[in-house]
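I have placed the structure first, in the form of structure tokens, so that the comments after it can refer back to it.
Sequence lines set the chain letters: A, B, ... in the order given, protein chains first and strands last, and positions in each chain run from 1.
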Protein chains: 2
Amino acid sequence: MQIRNNIRRLLQYRMCLIRFRELGFERVYSYSLGREAGVSPEQIRKDFSRFGIKGNKRGGYLISELLDSLNYIFGKNELQDVILIGVGNIGMALARYNCGFFKRRKYIVAGFDIDPSKIRKINEIPVLPMEVMPRFVKENGITVGIMAVPAISAQEICNMLVNAGIKGIMNFAPIVLKAPREVVIENINLCNVLESVIYCANYARDDLGVLEC
Amino acid sequence: MQIRNNIRRLLQYRMCLIRFRELGFERVYSYSLGREAGVSPEQIRKDFSRFGIKGNKRGGYLISELLDSLNYIFGKNELQDVILIGVGNIGMALARYNCGFFKRRKYIVAGFDIDPSKIRKINEIPVLPMEVMPRFVKENGITVGIMAVPAISAQEICNMLVNAGIKGIMNFAPIVLKAPREVVIENINLCNVLESVIYCANYARDDLGVLEC
DNA sequence: ATGGTTATGTTATTATTTTCACAAAAAGTG
DNA sequence: CACTTTTTGTGAAAATAATAACATAACCAT
Ligand SMILES: NC(=O)c1ccc[n+]([C@@H]2O[C@H](COP(=O)([O-])OP(=O)(O)OC[C@H]3O[C@@H](n4cnc5c(N)ncnc54)[C@H](O)[C@@H]3O)[C@@H](O)[C@H]2O)c1
Ligand SMILES: NC(=O)c1ccc[n+]([C@@H]2O[C@H](COP(=O)([O-])OP(=O)(O)OC[C@H]3O[C@@H](n4cnc5c(N)ncnc54)[C@H](O)[C@@H]3O)[C@@H](O)[C@H]2O)c1
């Protein structure tokens, strides 16, 4: 679990670097990247060091080299196929964003839903009935799925995905999914995130000993 | 920043407790709640202890009492109004989910967009032109906003929000927003989350010294 | 060249978070 | 009522993570 923050930060750095490159910069320094990414310069150097990424003493980092290194780490050269289960509000938003994912070399290749009215193409993505999901996963060697289904069905679908051979799940249902240790699960609970922001913004009362977030 | 995980976990616990209550349970124990929330029992007791929440030695925790305590902490009795800026793919998904937020006593009272075609009611929520946003915020004492706008406009809108008096922002644009320290910002970068899941699932190669996530 | 300057890379230090361990309270039992 | 069992609450210990410190390499100006 420890390495997860590290990776999240590296991805953040990459995002910033892409923006820097678009703005025409060639080099960054740990402090300039840090300012952009909201991270201390030392932290950045530490993160790079951990993944064996080297810069030039005195010269900072060459953005293009840095991006190459990061892309190598994140296997950015191959296109990464993922599937989407549940094409409702959130699922639809993600499907419609597919060209955004594609720019990052991620691609939703298929959606799945139990609602027959959803079985149609959405933004070029075929939405298929749930029954064919396991076969689709196996035949196409899919390893990662995005779940945007109601909480009540979430664990069941998680089990289906795991049985089909999925290795990573990004889950929007407000429930902590249980799966074998080797399956990576990221639970994104938007209500909780919103609520924690509201709490920190409004209710961080002194009498709870909470001074800042 | 330290307290943030704490709060996130408390919200997770509350979610689990609500489910337990719906299933007809009266009591939980740190280990049963822990199993459900994917957290160690000690961690749960520590979290409760930090917020002065007490259970019954030998008797665990009464779910109703626990929920009362948590609701008190999170100011759950009042309805919390938030606004939404950018009613595109993600913004629309959130707006359509408003009754889900309402169950948690959160409510999107208005949306704002620059696109004139978006200026209409969506799921009962009035979508208004950007120009009226600052006044709306001030007149209605709004403290928290959700941003679902393109990255290019995000910082500018963040500044507008902060100037209007917003104290907390939940941001979906893939950029690290900069704001005064006292403003709470939560950047939700869905691409990065997906990418980190993919990385951990597929690419945690031994030669990087990464064995598990 | 050479000396000064600057930004990295890494080690040491400090802070934070999690886990462990166990005393103490409550509840049940004979 | 003593004795056992169970589960909390918390201080101590261990593990992690973040920050600081600084030696070192590269560059620049003279
Ligand atoms: N939309 C939001 O803004 C939002 C916010 C917070 C949390 N969530 C959570 O995200 C999840 C999805 O939310 P949503 O608003 O998109 O819901 P939704 O009801 O709009 O969509 C759910 C989709 O899943 C499909 N589905 C239901 N059961 C299924 C099954 N067994 N197999 C396959 N497909 C199935 C439905 O047909 C529907 O298309 C929910 O768990 C919700 O609680 C959503
Ligand atoms: N949709 C996704 O699944 C997804 C995934 C990852 C990241 N994101 C990020 O979330 C953000 C929103 O994504 P989306 O897919 O909903 O985008 P979108 O283009 O569908 O919606 C953006 C909305 O913001 C409005 N807008 C643009 N500029 C504005 C301004 N200056 N003031 C007010 N409103 C303005 C647009 O009119 C539009 O309605 C983007 O930054 C995107 O990168 C989205």
Side-chain angles (χ1 to χ4, degrees), chain A residues 1-13 16-17 20 25-66 69-70 73 176 181 196 208-213, chain B residues 1-13 17 20 25-66 69-70 73 176 181 196 200 208-213:
Chain A
M1 194 60 123
Q2 311 85 333
I3 207 83
R4 202 86 155 249
N5 285 337
N6 223 284
I7 289 173
R8 195 67 61 80
R9 280 196 303 266
L10 287 180
L11 288 166
Q12 196 77 264
Y13 303 155
C16 296
L17 289 167
F20 274 134
F25 290 98
E26 279 204 342
R27 296 180 166 280
V28 283
Y29 303 95
S30 56
Y31 62 84
S32 59
L33 182 54
R35 190 149 14 86
E36 186 69 12
V39 166
S40 76
E42 298 84 357
Q43 181 78 80
I44 289 189
R45 299 205 296 274
K46 242 320 166 42
D47 286 339
F48 284 169
S49 162
R50 170 151 202 186
F51 283 82
I53 295 174
K54 301 264 171 197
N56 314 80
K57 295 224 172 185
R58 170 82 204 252
Y61 304 83
L62 217 57
I63 291 178
S64 58
E65 281 179 13
L66 217 38
S69 305
L70 291 170
I73 291 172
V176 179
R181 281 184 57 81
S196 75
L208 292 171
V210 179
L211 297 170
E212 56 174 299
C213 289
Chain B
M1 194 59 124
Q2 310 83 334
I3 207 84
R4 202 87 156 249
N5 287 336
N6 223 285
I7 289 172
R8 195 67 60 79
R9 280 196 303 267
L10 287 180
L11 289 165
Q12 196 77 265
Y13 303 157
L17 289 168
F20 274 133
F25 290 98
E26 278 204 344
R27 297 180 164 280
V28 282
Y29 303 94
S30 56
Y31 62 84
S32 59
L33 182 54
R35 191 150 12 87
E36 187 69 11
V39 166
S40 77
E42 299 84 358
Q43 181 77 79
I44 288 190
R45 298 204 297 273
K46 255 286 159 69
D47 285 339
F48 285 169
S49 162
R50 170 152 202 186
F51 283 83
I53 295 176
K54 300 266 173 199
N56 313 81
K57 296 221 172 187
R58 170 84 202 249
Y61 303 84
L62 218 57
I63 291 177
S64 58
E65 281 180 11
L66 215 39
S69 305
L70 291 171
I73 291 172
V176 179
R181 281 183 58 81
S196 76
C200 293
L208 291 169
V210 179
L211 296 170
E212 56 174 299
C213 289

Measuring to OP1 and OP2 of [N], would you say a side-chain N or O of [X] lies under 4.0 angstrom away?
X     : N     : value
A/Y29 : C/dT8 : no
B/S49 : D/dG9 : no
B/Y61 : D/dG9 : yes

* Asked: Can you name the closest pair of heavy atoms from B/N56 and B/L62 and give their distance?
  ->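 Scanning both residues completely, I find the closest heavy atoms to be OD1-N, 4.3 Å.
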Rounded to the nearest Å, what distance is computed from the [atom1] atom of residue [X] to the [atom2] atom of nucleotide [N]?
X     : N      : atom1 : atom2 : answer
A/N5  : D/dT19 : CG    : P     : 12 Å
A/R27 : D/dA26 : CZ    : P     : 13 Å
B/F51 : D/dT10 : CZ    : C1'   : 17 Å
B/I53 : D/dT10 : CD1   : C1'   : 16 Å
B/Y31 : D/dG9  : OH    : C1'   : 17 Å
B/F48 : D/dT7  : CZ    : C1'   : 14 Å
B/L62 : D/dT7  : CG    : P     : 15 Å
B/L33 : D/dG9  : CG    : P     : 13 Å

* Give a yes or no on whether the backbone of A/G59 and the side-chain of A/R27 come within a donor-acceptor separation of less than 3.5 Å. =>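 A pair under 3.5 Å: yes.
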* Within the side chain of A/S32, is there an N or O that forms a donor-acceptor pair under 3.5 Å with the backbone of A/V28? ->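 Here the side-chain-to-backbone pair does not exist.
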Do [X] and [Y] touch side chain to side chain, with heavy atoms closer than 4.5 Å?
X     : Y      : answer
B/Y61 : B/R45  : yes
A/Q12 : B/V176 : yes
B/N6  : B/F51  : yes

* Would you say the side-chain atoms of B/D47 and B/Y13 include a donor-acceptor pair closer than 3.5 Å? ->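 The criterion, which ignores hydrogens and geometry beyond distance, is satisfied for B/Y13 and B/D47.
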* Closer to the 5' end of DNA chain C via nearest nucleotide, is it A/K54 or B/R9? ->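 Its nearest nucleotide being more 5', the pick is A/K54.
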* Asked: Of all the nucleotides listed (C/dT8, C/dA25, D/dT5), which has the minimum atom distance to the side chain of B/K57?
  ->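 Of the candidates, C/dA25 comes closest.
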* To do: Enumerate the residues from residues 39-47 of chain A whose closest heavy atom to DNA chain D is under 4.0 Å, giving them by residue number; use none for an empty result.
  =>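 When residues 39-47 of chain A is checked for heavy atoms under 4.0 Å from DNA chain D, the hits, listed by number, are A/S40, A/E42, A/Q43, A/R45, A/K46.
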* Examine the base of C/dA7 for any acceptor or donor lying under 3.5 Å from a partner atom in the side chain of A/R58, and report the outcome as yes or no. =>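 Side chain to base: no pair present.
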